[in-house]
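Have a look at the structure below, then the notes.
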Amino acid sequence: IKLESCTFALFGALGDLALRKLFPALYQLDRAGLLHDATRILALAREAGEPSDHLRAIEQALRLHVPAKELTETDMARFLARLSYLTMDFLKAEDYSALLEQVSPQDQLIAYFATPASVYGGICANLAAVGLAERCRVVLEKPIGHDLASSRAVNDAVAQVFAENRVYRIDHYLGKETVQNLIALRFANSLFETQWNQNHISHVEFTVAEKVGIEGRWGYFDQAGQLRDMIQNHLLQLLCLIAMDPPSDLSADSIRDEKVKVLKALEPISAEQLGQRVVRGQYVAGSSDGRPVPGYLEEENSNTQSDTETFVALRADIRNWRWAGVAFYLRTGKRMPQKLSQIVIHFKAPPHYIFAPEQRQLIGNKLIIRLQPDEGIALQVLTKDQGLDKGMQLRSGPLQLSFSDTYRSARIPDAYERLLLEVMRGNQNLFVRKDEIEYAWQWCDQLIAGWKQLGEAPKPYTAGSWGPMASVALITRDGRSWYGDL
Ligand code: BG6
């Protein structure tokens, strides 16, 4: 499948995201032979100076971020030949005539906004003013707003120019291969779908742990915090994919309609319930891989008074027929012992138990979906232990599918490669619709309002640990524990 020719205009082309993720992803699409020969890439940024210097910076970033074995000089030369650099002030209408000259008249324009959301509306208006909007798709990076009101303001400004079917809102978790696999796993296997409800599932755990701290992003992160940075988008999207009803087809709107129903059914958590249902944490100095690391308040450019959270664990409930009474535990944090994204579905025990009483805690199947690293799926099943000396002794072991072992030859593409490919194809399947973002904000806003009302500081946890002890209490209170050795 070779794509049609397009002009890809990257606004904010010298920013961290563009250099670390977007240019490498475009390079990989080109290397895979997917880009049309005539496709051009316009790097747009406000930095003045020699375009050739900026292009060299982009080349250097590619050499740094693309694995050496995937970098050949021929591929690099072909990719760089597609690229040009233009200095622009994105909010100045006059600067768009130079852009207009660079876009081939027949081409579809893809405008990727890797800039603060506050300028999205201005860019859209300026694209419209030079007549580029009619043949343009726009890609919006997160964070879109800071709460429901500000995200509405951004979405409304974009909607002044672009209909929803031209707007591609990024949540890069949706581009991860294993996240897309959730749809295949659930809806291509009748084995799971028949069990996928409160009759058979007791609870579900979502863990998205990161080893890194704030990595020089204190300015952004301190305004956001882990709830806005990770739960409002990535974790709620994962929750939707696990909890949604089967869509009637694979079209973008069928899937997104089902996700919205889940978000609408999320039970609000009142300020009175916060103590029992939600834990906020902030890391203090500790260690990572045996190296000492500073606490959040000692990071570069930090404000020592900040009470922004770097960890959240919570119990969510979905008020519908399928999930009544099932607990969804979400946990995410910076400076955890390892990078790990995993979903664990806990199935209920059989209705009548006939084995030795001391083995009772083994009972209950678990489906473990590992998103990163070591992508794969394992179903924990109980069998009899082998051997003449063993009676009916039970043993829990995995039926396992490791993606890296099974598809050894296939390289797992980065999420952004898939997402850019889908924008070029005009497929909105993996992008977030306006109402999804807004319901997700609505739910998060009430949590944040509750925190404000209580005025409690986040609970400290040592960098390199699994978070505050209260996050263990959150789940043990319900007679459960976080899966594995966590
Ligand atoms: C981003 C957050 O959306 O996701 C970052 O802003 C976070 O804070 C990142 O580090 C995690 O993504 P991944 O793909 O590394 O799990």
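One is the number of the first residue; the rest follow in order along the sequence. Start at 1 and go down the list; that is how both ligands and their atoms are numbered. Note that the structure is a prediction, hence the values are computed from the model and not measured.
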Distance under 4.0 Å, heavy atoms only, partner ligand 1: which residues pass?
Lys142, His172, Tyr173, Lys176, Glu210, Arg217, Asp229, Met230, His234, Lys334, Lys339, Gln372
Tell me, please, which residues at least two apart from Asp435 pass side chain to side chain donor-acceptor pair (under 3.5 Å).
Arg433
If you round to the nearest 0.5 Å, how far is OG1 of Thr310 from CE of Met230?
12.0 Å
Mind jotting down which residue pairs meet the side chain to side chain donor-acceptor pair (under 3.5 Å) criterion with at least one end in residues 109-119? Sequence neighbours excluded, please.
Tyr112-Glu141
Would you say the side chains of Glu422 and Asn427 form a donor-acceptor pair under 3.5 Å?
yes
For the residue pair His346 and His203, does the interplanar ring angle fall in the parallel (under 30°), tilted (30 to 60°) or perpendicular (over 60°) class?
parallel
Contacts under 3.5 angstrom, residues 233-247 side chains, donor-acceptor by atom type, not counting sequence neighbours:
| from | atom 1 | to | atom 2 | distance (Å) |
| --- | --- | --- | --- | --- |
| Asn233 | ND2 | Arg228 | O | 3.0 |
| Asn233 | ND2 | Asp229 | O | 3.4 |
| His234 | ND1 | Asp171 | OD1 | 2.7 |
| His234 | ND1 | Asp171 | OD2 | 3.4 |
| Gln237 | OE1 | Lys259 | NZ | 2.7 |
| Gln237 | NE2 | Glu436 | OE1 | 3.0 |
| Asp245 | OD1 | Arg322 | NE | 2.8 |
| Asp245 | OD1 | Arg322 | NH2 | 3.2 |

